[in-house]
Amino acid sequence: MAKEITPRSENYSQWYLDIVQKAHLADNSPVRGCMVIKPHGYAIWEKMRDALDAMFKETGHVNAYFPLFIPKSFLSKEAKHVDGFAQECAVVTHYRLKTIGEGENRQVVVDPEAKLEEELIVRPTSETIIWNTYRDWIQSYRDLPLLINQWANVVRWEMRTRPFLRTAEFLWQEGHTAHSTADEAMFETRQMLDVYAKFAEEFMAMPVIKGIKTENERFAGAEETFCIEAMMQDGKALQAGTSHFLGQNFAKAFDVLFLNKDNQKEHVWATSWGVSTRLVGGLIMTHSDDSGLVLPPRLAPIQVVIVPIPKPSLELSEVADKIALSLRKRGISVKIDNDDQNRPGFKFAEYEMIGVPVRLGLGARDIAANQVEVARRDTKEKQSVSLDGIDVHIEQLLEDIQQNLFNRAKQYRDEHITKVDNWDAFVEVLEVKGGFAYAHWDGTTETELAIKEKTKATIRCIPLDNDTEDGVCIMSGKPSTRRVLFAKAY
RNA sequence: CGGGGCGUAGCGCAGUCCGGUAGCGUACCUGCUUUGGGAGCAGGGGGUCCCAGGUUCGAAUCCUGGUGCCCCGACCA
């Protein structure tokens, strides 16, 4: 065994780091908290991006690009927004370097003569610069709705980072829309939440719970934050996407007004919504195992790999090419690994490590029997299948794998959502069983923070589909009308 | 920003206590034999031992001061 992964049961956190490295997803960078996204990791992100981008376009959005640098003064225009982000902003203060010294002592320093009059912040999110721009773009109700998305990088100077899950710089998309009525903005907020949920479940095969954030967990500057929450294999929660109803907060902060049909000036209503490269982390922690990455077929850069098992005097490539062609005709991405440097055993392990959903082993035995050995990554089952109609069989198998991954993840999640009605049971779920505790809460931030203090668990969301139900808060004993989801979170 | 750990070949590490020519595994290069689950043998290349200063005949090793990274916490997508 040339490559070994720490088993999940031994150290889940180390297992995650091993997968990132050994499946060639990302490297550490010289700068703390940043990562180099390697071609295989980036290919997965590209698949995500392409699918999401198509969904945004279908719902009427267009892409644009706003600048990386934001004048410092912009951030302070919306009071809550600045409170939320000020702590973690990178700031540009100078625009030039110069060299000093000679020979071995020569070094580069910041030129003190080149200090910026107004410092620039590197965007932690783009609401401020976008709303500053929208002020000029919007004059009449005829300019609305304005439905814009951007694909960009943002920087948040985090104390503690982990590849994909939390990095100082990350890639994401941020949608920013402007509407003439509150109802329309709220419809947009909910619509994009639905888009995220559909993407998570149908492409990532990652079941999610749609919900509303508590005031404490709300986006800085939003009136209401909606989210999709997923459960990782270790029972911890991952916020996978958020969609915010911003009310008129940013319109008021940046004086974005429009004339309505009655020739009256009104502030516009706003939304913003985003998902990031964090989704790659969620994908890893939803499906992968001790043999490596497991990818759902719809996001796999390579869906099928063909590994010829060479024997002297045996011509395999013709058969392999024929299989590949028939699969490609059905839109399936196929790689034939004809590299003669590595032996088949090495290749088997390697393709399992990087998560290729289906592997075809093709050797003398198979050719003689007009068969091919089909191995599926999700269950690691192997089966000999006739070459006649192999394309149809593989197409169906990919769909089965996609569905099986979702079902497996959903079953695990559902088994780890536990209704609890008293403090002891609450603590036991969080400490022993793991997963989400579905419990009554009195609705106050004070209680929420007290629970976090004692258990490290936070309210992940108030699920959208939950019914009202009389009960008492597990912490304060005060009356409650609904349950909320508690969990430890990434 | 607190607490802990670590900087030695691309990667993972030993050597440091007790100073004396820089080591192991893996990866890499060459050749031969191999190829249905991470090949074997033989040969080979590769190092400012994190940086600066000090002690010493002599420092990876001892002393002083820097610095970087990782892990654990508080903060967050």
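Note on naming: letters A, B, ... go to the chains in the order of the sequence lines (proteins, then strands), and numbering restarts at 1 for each one. Not measured: the values here are computed from a predicted model.
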Exercise for review: To the nearest Å, give me how far apart CZ (Arg162(A)) and P (C75(B)) are.
Suggested key: 17 Å
Revision key, fill the gap. Side chain to side chain contact (heavy atoms under 4.5 Å, CB included) filter on Glu215(A), not counting sequence neighbours, yields Arg218(A), Thr445(A)
Review point. Which part of the nucleic acid, if any, lies within reach of Leu238(A) when heavy atoms closer than 4.0 Å are counted: base, sugar-phosphate only, or nothing?
Key: nothing
Check your understanding: To the nearest angstrom, how far is Leu52(A) atom CG from A77(B) atom P?
Key -> 19 Å
Study note, to complete from the structure: In numerical order, the residues of residues 272-291 of chain A whose heavy atoms come under 4.0 Å of RNA chain B are Ser276(A), Arg278(A)
Exercise for review: Tell me, please, which residues at least two apart from Lys57(A) pass side chain to side chain contact (heavy atoms under 4.5 Å, CB included).
Suggested key: Asp53(A), Asn63(A)
Check your understanding: Going through the checks in order, is the side chain to side chain contact (heavy atoms under 4.5 Å, CB included) test met by Asp378(A) and Asp400(A)?
Key -> CA-CA 10 Å; Asp378(A) 58 339; Asp400(A) 286 352; over 6 Å; no
Check your understanding: With a 4.0 Å cut-off on heavy atoms, is Phe219(A) in touch with a base, just the backbone sugar-phosphate, or nothing at all?
Key -> nothing
Return all side-chain donor-acceptor pairs below 3.5 angstrom for residues 272-286 of chain A, not counting sequence neighbours, or 'none' if the list is empty.
residue	atom	partner	partner atom	Å
Ser272(A)	OG	Glu127(A)	OE2	2.8
Trp273(A)	NE1	Glu188(A)	OE2	3.4
Trp273(A)	NE1	Thr271(A)	OG1	3.2
Ser276(A)	OG	Arg278(A)	N	3.0
Thr277(A)	OG1	Leu171(A)	N	3.4
Thr277(A)	OG1	Leu171(A)	O	3.3
Arg278(A)	NE	Leu165(A)	O	3.1
Arg278(A)	NH1	Gln239(A)	O	3.1
Arg278(A)	NH2	Leu165(A)	O	3.4
Thr286(A)	OG1	Gly282(A)	O	2.6

Produce the list of close N/O pairs, under 3.5 Å, pairing protein atoms with atoms of nucleotides 39-41 of chain B; give distances to one decimal.
residue	atom	partner	partner atom	Å
A39(B)	OP2	Arg343(A)	NH1	2.7
A39(B)	O4'	Arg343(A)	NH1	2.9

Check your understanding: Among side-chain atoms of Ser126(A) and Glu174(A), is any donor-acceptor pair under 3.5 angstrom?
Key -> yes
Review point. Quick one: salt bridge (Lys or Arg N to Asp or Glu O under 4.0 Å) partners of Lys80(A), sequence neighbours excluded?
Key: none
Exercise for review: Just jot down the salt bridge (Lys or Arg N to Asp or Glu O under 4.0 Å) partners of Asp111(A), sequence neighbours excluded, or say none.
Suggested key: Arg96(A)
Practice item. Let me know the distance between CD of Glu158(A) and P of G73(B), rounded to the nearest Å. Key: 15 Å
Study note, to complete from the structure: Ser386(A) meets the side chain to side chain contact (heavy atoms under 4.5 Å, CB included) criterion, sequence neighbours left out, with Asn370(A), Asp388(A)
Review point. Under the side chain to side chain contact (heavy atoms under 4.5 Å, CB included) test, which residues partner Glu453(A), sequence neighbours left out?
Key: none
Revision key, fill the gap. Side-chain contact check for Glu350(A): nearest option of G36(B), G38(B), A74(B) is G38(B)
Study note, to complete from the structure: The correct set of residues in residues 80-89 of chain A placing a heavy atom under 4.0 Å from RNA chain B is none
Check your understanding: Atom CE of Met35(A) to atom P of A77(B): distance rounded to whole Å?
Key -> 17 Å
Exercise for review: Start with the C-alpha gap between Ile212(A) and Leu464(A), add the side-chain angles, then the distance that decides, and say whether side chain to side chain contact (heavy atoms under 4.5 Å, CB included) holds.
Suggested key: CA-CA 7 Å; Ile212(A) 304 175; Leu464(A) 291 180; 3.5 Å; yes
Practice item. Specify the separation, in whole Å, of atom CD of Glu453(A) and atom C1' of C75(B). Key: 14 Å
Point to revise | Distance in angstrom units between Asp340(A) CG and C32(B) P, rounded | key: 13 Å
Exercise for review: Would you state whether a donor and an acceptor, one from the side chain of Lys380(A) and one from the base of G37(B), lie under 3.5 Å apart?
Suggested key: no
Practice item. State whether the distance check finds a donor on one side and an acceptor on the other, under 3.5 Å, for side chain Asp366(A) versus base G36(B). Key: yes
Practice item. To the nearest Å, give me how far apart CG (Leu17(A)) and P (C70(B)) are. Key: 10 Å
Exercise for review: Using a 4.0 Å heavy-atom cut-off across all strands, classify Thr167(A) as base, sugar-phosphate, or nothing.
Suggested key: base
**Study point:** Counterpart residues, salt bridge (Lys or Arg N to Asp or Glu O under 4.0 Å), relative to Asp289(A) (two or more places apart)
**Key:** Arg377(A)
Check your understanding: Listed by chain and number, what are the salt bridge (Lys or Arg N to Asp or Glu O under 4.0 Å) partners of Glu448(A), not counting sequence neighbours?
Key -> none
Study note, to complete from the structure: Arg359(A) CZ to G38(B) P, in whole Å, measures 12 Å
